[in-house]
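Before any comments, here is the structure.
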Amino acid sequence: MDATSARSAQQGATAGRAVWSRDFALFFTARAVARLGDTMLPVALAAGLLQHGYGAGAVGLAMAATAAAFAGLVVFGGVLADRFSTRRLMIGADLVRLGTQALAAALFFSGHVVLWQICAIGFVNGVAGAVFQPGVASTVPRLSCDVQGANGAIRVAESAAQLAGPAVAGLLVGFAAPGGVFAAHATTYALSALCLLLLRLPPPAQGSRAVSGRGSRAFRADLVQGWREFRARRWLWSVIAVWCVYMIAVWGPTVPLVAAEVVQEHGARAYGLVNSALGAGTVVGGLLALRLRPRRMLRAGAIALVGFAAFPASVGAGLDVPVMAAGAAVAGAGMSFWGVMWATSVQTQVPPDVLNRIHAYDVAGSLAMMPVGQALAGPAASALGADHVLLVAGATSFAVCAALLLIPAVRGLVRVDTATAPTAGTATGTATGTPGHARTAAAAEPSRTRER
């Protein structure tokens with residue numbers, strides 16, 4: 001083994017040790033358990049509302065209440081996360097959702113199910129999610145020196161939970177009625193809150209809680225500052241702008257139209273197989289992200305994302321079920337690998353004092369156009385045919401990846417070593433530092449008092 005190989009092997013071993021610790025294991029468990037519960041919820045809502053005489057429109061309305069509250073308020077959640085303790089905010093959000101899902105379980109067990117009440121519960125859940133989510137971005141780099149490895153591990157756990165969740169929910173519906181699924185969902189939030197309560201976060205870097213004061217004017221100032229920081233990073237807003245097109249033309253129509261096409265042509269069992277293949281692919285993508293360490297992460301992620309085109313294209317072309325399943329697996333792997341590369345880039349390139357707000361703008365921008373794409377899927381399928389829309393989605397997926405690679409700030413973004421901190425130069429989309437130029441607060445000051 002030559003010196004370069006030996007050095008790479010040593011760095012890989014160090015990165016592996018840097019990921020896992022007692023506190024990261026607690027956070028990892030919290031994310032996996034919460035994801036398991038979240039993937040059980042659609043089954044519970046569909047089975048419960050249909051059982052009580054409501055139609056598919058009611059199910060969609062209940063889900064939309066949560067999505068609308070989350071998308072509309074997550075930016076404000078980012079400001080709160082930069083002003084207050086992220087751990088306490090996340091625990092509070094979990095406890096709120098523990099209460100709402102326990103209430104939903106009681107309503108379904110009692111047989112007193114009113115749609116507006118279920119929608120109101122969903123709206124509160126969305127608000128709690130908007131408070132919870134921004135803090136995830138800043139928690140990962142505070143818990144692990146290997147941010148990419150940590151994101152890869154969490155992605156694998158969430159993907160595995162996404163595979164298991166619907167199956168577990170189906171069993172609970174059969175044995176304990178829909179109310180049992182809501183009770184189980186409430187329990188996952190209780191377990192998540194307990195893990196976060198036991199978690200000991202290293203203190204944030206000095207200045208990372210620098211806010212402009214108290215009151216509504218100061219809150220607005222922090223919101224505006226977050227937007228300015230977001231706009232200052234060309235690689236960041238460029239990806240979000242391209243992602244809006246992706247959500248409208250690719251992801252939005254793919255999810256509902258693939259479900260409709262596969263079920264109509266091959267039956268529900270075939271759709272279950274294709275969906276499971278998609279989930280298995282996301283696990284593989286997360287595992288690959290644990291192993292591969294590209295210097296230009298967004299370039300590598302965009303190349304991997306090309307694989308998503310295989311999912312809508314294989315269904316739109318009317319290929320056999322095994323081929324569609326293979327396409328779904330490739331798509332899941334590409335999407336998962338891109339997700340880890342993107343999350344790691346944001347968490348390592350953005351200074352900690354604005355990271356939660358930046359992440360909130362990222363989430364809001366990424367999700368904003370998804371409902372538009374889903375709403376347009378039906379009319380487009382009626383006008384062109386679902387198979388043609390899916391083929392267009394596959395072609396557009398290639399175009400989106402090409403657009404990402406054509407943006408110099410995106411393809412040229414150099415990774416910041418996870419043992420280093422971002423510098424002012426990252427605002428333009430390039431990392432000016434070299435590996436080892438500045439350690440994070442957690443690594444440099446291990447003896448400081450930890451946040452409880």
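Counting from 1, the numbers follow the sequence of the chain as shown. Because the structure is a prediction, the values reported are computed rather than measured.
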More than 12 heavy atoms from other groups under 6.0 Å of CZ on R291: no
Between [X] and [Y], is there a donor-acceptor pair closer than 3.5 Å when you use the side chain of the first and the backbone of the second?
| X | Y | result |
| --- | --- | --- |
| T344 | M341 | no |
| R411 | L406 | yes |
| S336 | G332 | no |
| W237 | R231 | yes |
| D146 | G149 | yes |
| H52 | G48 | yes |
| S314 | F311 | yes |
| S192 | T188 | no |
| Q349 | V414 | yes |
| T254 | V250 | yes |

Aromatic ring pairing Y189/H185, orientation class (parallel under 30°, perpendicular over 60°, tilted between): tilted
Name of the residue among T100, D38, T66 meeting side-chain hydrogen bond (donor to acceptor under 3.5 Å, both in side chains) with N125: T100
